[in-house]
Peer 1: 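One structure is given below, represented as structure tokens, and several questions about it will come after.
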Amino acid sequence: MTPHPALGLVEAIAAQLADPDTVPLGSRTLSWDRQHLAYGPPGIALLHIELAANGLGPWHRAHDWLAAASRQPLTSGPDSHPFYGVPAFAHALSCAADHLPGSYQRALDALDAQIAVDVGRRLDAAHRRIDAGRLPQLAEFDAIRGLTGYGAYLLRRSPGSSTTRAVLDYCVRLTEPITHHGESLPGWWAETGPSGSPDDRFHGGHANTGMAHGIGGVLALLALAARNGSVTDGHHAALHTTLAWLDRWKEEADGGPVWPYWVTQTELRSGSLAPSAPRRPSWCYGTAGLARAQQLAALALGDTRRQIDAENALVATLTAPEQLKATTDNGLCHGFAGLAHAAARTADDAHPSTAGKLRAVIPALLAAVIPRGTDPELMVTALIHEEEGGPGLLDGAAGIALALLAPITAAPPRSAWDACLLIA
């Protein structure tokens, strides 16, 4: 059987990112972003770990990138977060250790101990904030910088631990309403804009729905935990509360349901969303990530109707011309490769009535990443030198290669590389 053209792109990316010492000059990968999962060596290591676990590449490439990330001391404490420093490196290292019994255990034990300390401090601060009736910063709870991201790691490494349970307890509490200046708001309402900074366009703040920075990630973590058997007090109620919020703000567009990136104070008070142009579906924001989160929640709750609705929502958004037109890159975070990966992961768990429809949308997404006649080598060179994307995981070449593997092979990842995205 002829290999899929996208496999040639994956192989070309892996070859050009084979050695951390030959990354193009001028790249930030080994300097500013050395500890960053999104842009630096830990994320690139994930590509080589997944390829090696599939028998498609040598393990020494993964070792080399892990070594590049840890040549200097790793950041912990307040300046670290799930995508930077100790937690970011621990995610990559643990993905390798899963396939190399006995390897890296001493290092992982030390990293896990530090992560438990840092999570404890963050939880203490978060509960003091709630007790005082203050609103959260997005970085307190989100998947990239906050406790939801820590929860994703802990759920995989130590699902029954007291630290994991404490994070889940916090997530449950976050879904409870909070009264601020006499107004009842969702517990995850932030006073800032989506960037985490004050923003005149978000007077009074917003409720973020995204997987990367909003309640979508919290929903996915609680759903994954419930499916894993890690259930805390109020767990199912929190799932229902979050799903009800998403139901409340769902709209119809392009023949299917869509969810907003966020809800502003004006929209909350008026009870309706402001008109907007079609937005790209993506993992980080919008219908693609939220459909997967709702599917996971429905599976956790045994709600077959909601599961099918979520799966059909993903099919609709991935075949909606105006939404796809708004998608302008190939990256994992908000591009076509990420959409293909989300479709493949959702199809793995889909109801028999929708699994085929989800698989059927994947070829067009792959073709958008690498159109017929594209030279993979030239494409990779351009990708790696691209200022916005570069070689890294979230927006760059390594993430594109990783995101293409499951759709190409119609098999789930062999490593847990995408656990950091809370979609599996």
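What you are looking at is a predicted structure, and each value in this text was computed from that prediction instead of being measured.
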Peer 1: Cut-off 3.5 Å, side chains only: do Tyr285 and Asn208 have a donor facing an acceptor?
Peer 2: yes
Peer 1: Listed by chain and number, what are the side chain to side chain contact (heavy atoms under 4.5 Å, CB included) partners of Val361, not counting sequence neighbours?
Peer 2: Val315, Leu318, Thr319, Ala343, Leu365
Peer 1: Does Glu386 reach the main-chain N or O of Ala382 with its side chain, forming a donor-acceptor pair under 3.5 Å?
Peer 2: no
Peer 1: For Arg156, what residues pass the salt bridge (Lys or Arg N to Asp or Glu O under 4.0 Å) criterion, not counting sequence neighbours?
Peer 2: Asp98
Peer 1: Any chance you could lay out the side-chain contact (heavy atoms from CB on, under 4.5 Å) test for Arg122 and His81, step after step, and finish with the verdict?
Peer 2: CA-CA 10 Å; Arg122 284 171 174 258; His81 57 68; 3.9 Å; yes
Peer 1: Nearest 0.5 Å please: distance from the CG atom of Leu155 over to the OG1 atom of Thr164.
Peer 2: 6.5 Å
Peer 1: Do the side-chain N and O atoms of Glu267 and Ser270 include a donor-acceptor pair separated by under 3.5 angstrom?
Peer 2: no
Peer 1: Can you check whether Leu243 reaches Arg248 side chain to side chain, under 4.5 Å on heavy atoms?
Peer 2: no
Peer 1: Quiz question: by atom type and distance under 3.5 Å, do the side chains of Tyr153 and Asp112 form a donor-acceptor pair?
Peer 2: yes
Peer 1: Verify whether one side chain among Gln307 and Asp303 offers a donor that lies under 3.5 Å from an acceptor in the other.
Peer 2: no
Peer 1: Is any side-chain heavy atom of Pro391 closer than 4.5 Å to a side-chain heavy atom of Ile44?
Peer 2: yes
Peer 1: Test side-chain contact (heavy atoms from CB on, under 4.5 Å) on Val172 and Asp233; report intermediate values, then the result.
Peer 2: CA-CA 8 Å; Val172 168; Asp233 294 343; over 6 Å; no
Peer 1: Taking only distance into account, with no hydrogens and no angle test, what donor-acceptor pairs under 3.5 Å do side-chain atoms of residues 254-262 form with protein atoms, sequence neighbours excluded?
Peer 2:
| residue | atom | partner | partner atom | Å |
| --- | --- | --- | --- | --- |
| Trp259 | NE1 | Leu246 | O | 3.0 |
| Tyr261 | OH | Arg280 | O | 2.7 |

Peer 1: Who passes side chain to side chain contact (heavy atoms under 4.5 Å, CB included) against Ala126, sequence neighbours left out?
Peer 2: Glu140, Leu147, Tyr170
Peer 1: Under the rule for side chain to side chain contact (heavy atoms under 4.5 Å, CB included), what residues qualify as partners of Pro177, not counting sequence neighbours?
Peer 2: Ser184
Peer 1: Between Phe83 and Arg145, does a side-chain contact (heavy atoms from CB on, under 4.5 Å) hold up when you go through it step by step?
Peer 2: CA-CA 7 Å; Phe83 271 65; Arg145 300 161 297 174; over 6 Å; no
Peer 1: How long is the gap from CG on Asp142 to CD1 on Ile215, to the nearest 0.5 Å?
Peer 2: 11.0 Å
Peer 1: With a 4.5 Å cut-off on side-chain heavy atoms, are Arg121 and Asp118 touching?
Peer 2: yes
Peer 1: Can you pull the salt bridge (Lys or Arg N to Asp or Glu O under 4.0 Å) pairs that have at least one residue in residues 289-301, sequence neighbours excluded?
Peer 2: Arg292-Asp349
Peer 1: Identify all side-chain donor-acceptor contacts of residues 216-231 below 3.5 Å with residues at least two apart in sequence or on another chain.
Peer 2:
| residue | atom | partner | partner atom | Å |
| --- | --- | --- | --- | --- |
| Asn228 | OD1 | Ser230 | OG | 3.4 |
| Ser230 | OG | Pro159 | O | 3.2 |

Peer 1: Which pairs with one or both residues in residues 40-51 pass salt bridge (Lys or Arg N to Asp or Glu O under 4.0 Å), sequence neighbours excluded?
Peer 2: none
Peer 1: Are the side chains of Thr287 and Leu314 in contact, using a 4.5 Å heavy-atom criterion?
Peer 2: no
Peer 1: Evaluate the side-chain proximity of Leu17 to His48: yes if any heavy-atom separation is below 4.5 Å, no if none is.
Peer 2: yes
Peer 1: Return the set of residues passing side chain to side chain contact (heavy atoms under 4.5 Å, CB included) with Asp309 (not counting sequence neighbours), or none when no residue passes.
Peer 2: Arg305
Peer 1: Using a strict threshold of under 4.0 Å (side-chain N to carboxylate O), is an ion pair present between Arg128 and Asp131?
Peer 2: no
Peer 1: Any chance you could measure His63, atom NE2, to Ile49, atom CD1, to the nearest 0.5 Å?
Peer 2: 9.0 Å
Peer 1: Among pairs that include at least one residue of residues 361-380, which meet ring-ring contact (aromatic ring centres under 6.0 Å, His included), considering only residues two or more places apart or in two chains?
Peer 2: none
Peer 1: Any side-chain donor-acceptor pair under 3.5 Å between Gln16 and Thr381?
Peer 2: yes
Peer 1: Among residues two or more places apart or on two chains, list those pairs meeting salt bridge (Lys or Arg N to Asp or Glu O under 4.0 Å) that have a residue in residues 350-379.
Peer 2: Asp348-Arg359
Peer 1: If I take atom CD from residue Gln265 and atom NE2 from residue His206, how far apart are they, to the nearest 0.5 angstrom?
Peer 2: 12.5 Å
Peer 1: Which residue pairs satisfy the ring-ring contact (aromatic ring centres under 6.0 Å, His included) criterion with at least one member in residues 390-419, sequence neighbours excluded?
Peer 2: His341-Trp417
